Amino acid sequence: MLGPPGSGKGTQAKFIAKKFGLPQISTGDLLRAAVKSGSELGQLAQEYIDAGNLVPDQLVLKLLKIRISKRDCNTGFILDGYPRNLQQAKDLEKIANVTLVILIELNQSTLVRRITGRRTCKKCGAIFHVDFNPPNIQGICDICSGELYQRTDDKEETVIKRLETYKRQTEPLIEYYRDLGLLEPISGDGTIEEIQGELDHIISSRIEKG
Ligand code: AP5
Ligand code: MG
């Protein structure tokens with residue numbers, strides 16, 4: 001899943017994961033878990049995350065390799081937020097076979113509104129939005145009753161930096177995957193359900209074609 005911060009990668013990757021029985025691997029989530037654990041790697045990662053920069057490639061690759069070596073990844077997986085630059089795309093080719101790249105496109109003002117209103121469950125990682133996808137009880141996760149929180153990198157000034165990082169480092173991947181014939185761009189400007197429907201159609205027809 002390729003797309004700028006706040007475009008809905010996590011929201012939609014979770015849907016696809018459930019629907020098609022594949023694990024969702026968000027490198028952002030892996031990094032946040034490392035930060036939470038207090039490990040040296042996590043402490044290093046936090047500085048980059050809070051500055052809106054990419055965490056060094058080797059560090060992210062290390063976490064990714066550990067994750068995809070788990071048994072649930074044997075038949076495939078959905079990457080959410082990886083790769084984010086050309087070096088990572090090359091690294092990925094050495095460890096996995098990329099079959100489809102979904103690009104979610106969305107304008108900047110909508111991205112900022114989506115990110116600043118996002119609330120995430122501390123316990124299960126479910127994603128909500130105060131206006132667009134509110135939980136039944138404010139501050140409480142609908143799924144596991146965990147506490148909802150706002151990510152430390154979701155402050156407006158960090159969000160602007162993340163958007164710049166995306167433009168400079170990640171956007172070149174659009175051409176890269178288009179040239180490889182793997183890119184499937186979709187508009188992120190619809191309801192969550194509309195976009196789910198579109199993704200369901202794209203992936204189901206790929207599966208039918210084999
Ligand atoms: P990461 O956690 O991946 O953040 P991101 O790419 O900035 O993307 P987000 O998670 O903010 O947005 P999303 O597209 O998942 O949107 P969501 O579904 O939540 O990375 C964080 C940091 O970690 C990076 O800045 C970097 O430092 C580091 N990092 C991660 N991967 C790395 C890598 N590979 N290499 C190096 N560093 C790395 O939706 C957003 C909000 O909108 C939610 O509130 C949701 O409810 C709402 N929403 C979703 N869809 C809709 C809709 N259709 N209509 C209305 N609201 C919607
Ligand atoms: Mg995400």
Side-chain angles (χ1 to χ4, degrees), residues 1-17 24-35 41-42 44-65 67 78-92 102-121 125-135 141-142 148-156 158-171 173 186-199:
M1 307 280 303
L2 188 61
S7 55
K9 299 183 296 296
T11 301
Q12 297 301 337
K14 283 181 200 299
F15 162 75
I16 301 170
Q24 171 215 6
I25 303 176
S26 154
T27 44
D29 287 348
L30 292 179
L31 288 163
R32 281 184 288 278
V35 169
L41 189 151
L44 183 68
Q46 182 154 41
E47 289 175 33
Y48 291 92
I49 294 171
D50 288 344
N53 291 321
L54 294 187
V55 173
D57 296 337
Q58 286 308 318
L59 208 156
V60 183
L61 184 62
K62 191 174 165 191
L63 287 176
L64 181 66
K65 278 184 175 168
R67 179 62 188 90
I78 303 152
L79 286 174
D80 157 8
Y82 192 94
R84 288 199 199 225
N85 60 27
L86 283 168
Q87 181 58 50
Q88 293 186 5
K90 304 273 183 201
D91 291 340
L92 180 60
I102 290 168
L103 166 68
I104 310 182
E105 296 175 300
L106 198 59
N107 66 66
Q108 179 149 338
S109 61
T110 311
L111 292 171
V112 174
R113 271 177 53 214
R114 287 202 187 165
I115 296 178
T116 48
R118 170 171 47 204
R119 298 294 181 271
T120 308
C121 177
I127 302 165
F128 298 88
H129 190 285
V130 289
D131 300 316
F132 308 137
N133 184 23
C141 177
D142 290 355
L148 302 185
Y149 82 110
Q150 191 164 18
R151 275 169 39 183
T152 56
D153 61 339
D154 281 354
K155 298 188 289 284
E156 194 154 347
T158 315
V159 171
I160 301 297
K161 187 67 210 294
R162 283 160 60 197
L163 289 166
E164 281 169 21
T165 303
Y166 175 80
K167 271 206 167 319
R168 208 174 57 246
Q169 303 204 47
T170 310
E171 266 189 2
L173 291 181
I186 63 163
S187 165
D189 198 8
T191 65
I192 292 174
E193 293 72 23
E194 282 165 354
I195 297 164
Q196 282 176 352
E198 200 172 337
L199 285 173

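Counting starts at 1 for both ligands and their atoms, following the listed order. We number each residue from 1, following the sequence as shown. Values below: every heavy atom of this structure, side chains too, minus hydrogens, waters and symmetry copies. This one's a predicted model, so the numbers in the text were calculated from it and none came from an experiment.
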Next item on the list: With heavy atoms only and a cut-off of under 4.0 Å, state how L54 meets ligand 1: side chain, backbone, both or neither.
Entry: both
Checklist line | Option set M1, R84, R151, criterion heavy-atom distance to atom 24 (C) of ligand 1, minimum | finding: R84
Item checked: Residues R162 and D154 bridged, charged N to O under 4.0 Å -> yes
Note to self: Within the 4.0 Å heavy-atom shell around L31, which atoms of ligand 1 are there?
What the structure shows: 23 (O), 28 (C), 29 (N), 30 (C), 38 (C)
Check: Should you measure from each heavy atom of Q88, which atoms of ligand 1 turn up under 4.0 Å away?
Finding: 33 (C), 34 (N), 35 (N), 36 (C)
Note to self: For D189 and S187: C-alpha separation, side-chain torsions, deciding distance, then whether side chain to side chain donor-acceptor pair (under 3.5 Å) applies.
What the structure shows: CA-CA 5 Å; D189 198 8; S187 165; 5.4 Å; no
Next item on the list: Indicate, as side chain, backbone, both or neither, the part of V55 found under 4.0 angstrom from ligand 1 when only non-hydrogen atoms are considered.
Entry: both
Next item on the list: Could you list which atoms of ligand 1 come closer than 4.0 Å to a heavy atom of G81?
Entry: 31 (N), 32 (C), 33 (C), 34 (N)
Item checked: N or O pair under 3.5 Å between G190 and ligand 1 -> yes
Notebook entry, point to check: What distance separates L54 CG from Q88 CD, expressed to the nearest 0.5 Å?
Noted result: 6.5 Å
Note to self: As an exercise, identify every atom of ligand 1 less than 4.0 angstrom from a heavy atom of V60.
What the structure shows: 33 (C), 34 (N), 35 (N), 36 (C)
Check: In the protein, which heavy atom is nearest to atom 16 (O) of ligand 1, and how far is it?
Finding: G8 N, 3.2 Å
Next item on the list: Provide the number and element of each atom of ligand 1 under 4.0 Å from a heavy atom of I195.
Entry: 53 (N)
Item checked: Nearest-contact summary for atom 12 (O) of ligand 1 - protein heavy atom, Å -> G6 N, 2.8 Å
Next item on the list: Using distance alone, determine whether D153 and ligand 1 share an N or O pair under 3.5 Å.
Entry: no
Checklist line | Location of contacts on N53 toward ligand 1, heavy atoms closer than 4.0 Å | finding: backbone
Next item on the list: Identify, for atom 54 (N) of ligand 1, the protein heavy atom at the shortest distance, and state residue, atom and that distance.
Entry: R114 NH2, 3.3 Å
Next item on the list: Give the residue and atom name of whichever protein heavy atom lies nearest to atom 44 (O) of ligand 1, and the separation in Å to one decimal.
Entry: F128 O, 2.7 Å
Next item on the list: Would you mind listing which atoms of ligand 1 come within a distance below 4.0 Å of any non-hydrogen atom of R32?
Entry: 2 (O), 21 (C)
Note to self: Under 3.5 Å between any N/O of D80 and any N/O of ligand 1: does that happen in this structure?
What the structure shows: no
Note to self: Among all protein heavy atoms in this structure, tell me which lies nearest to atom 49 (C) of ligand 1, with the distance rounded to 0.1 Å.
What the structure shows: T11 OG1, 3.5 Å
Item checked: Region of Q12 engaging ligand 1 - heavy atom pairs below 4.0 Å -> neither
Item checked: G10: numbered ligand 1 atoms lying under 4.0 Å from its heavy atoms -> 13 (P), 15 (O), 18 (O)
Margin query: I need the nearest protein heavy-atom contact for atom 43 (C) of ligand 1: residue, atom name and distance, please.
Written below: I127 CG2, 3.5 Å
Next item on the list: Between Y166 and ligand 1, find which residue part has any heavy-atom pair under 4.0 Å and reply side chain, backbone, both or neither.
Entry: neither
Notebook entry, point to check: Just heavy atoms, cut-off under 4.0 Å: does D154 contact ligand 1 by side chain, backbone, both, or neither?
Noted result: neither
Check: Is the closest N or O pair between R119 and ligand 1 shorter than 3.5 Å?
Finding: no
Next item on the list: Take D153 and T158, measure what side chain to side chain donor-acceptor pair (under 3.5 Å) needs, and give me the verdict at the end.
Entry: CA-CA 6 Å; D153 61 339; T158 315; over 6 Å; no
Note to self: Looking at R168, I'd like to know if its CZ atom is crowded, meaning that more than 12 non-hydrogen atoms belonging to other residues, nucleotides or ligands lie closer than 6.0 Å.
What the structure shows: yes
Checklist line | Side chain, backbone, both or neither: E194 near ligand 1, heavy atoms under 4.0 Å | finding: neither
Margin query: Quick test: of every protein heavy atom, which one is nearest to atom 19 (O) of ligand 1, and how far off is it to 0.1 Å?
Written below: R118 NH1, 2.6 Å
Check: Which heavy atom of the protein is the closest neighbour of atom 25 (O) of ligand 1, given with residue, atom name and distance?
Finding: R162 CG, 3.9 Å
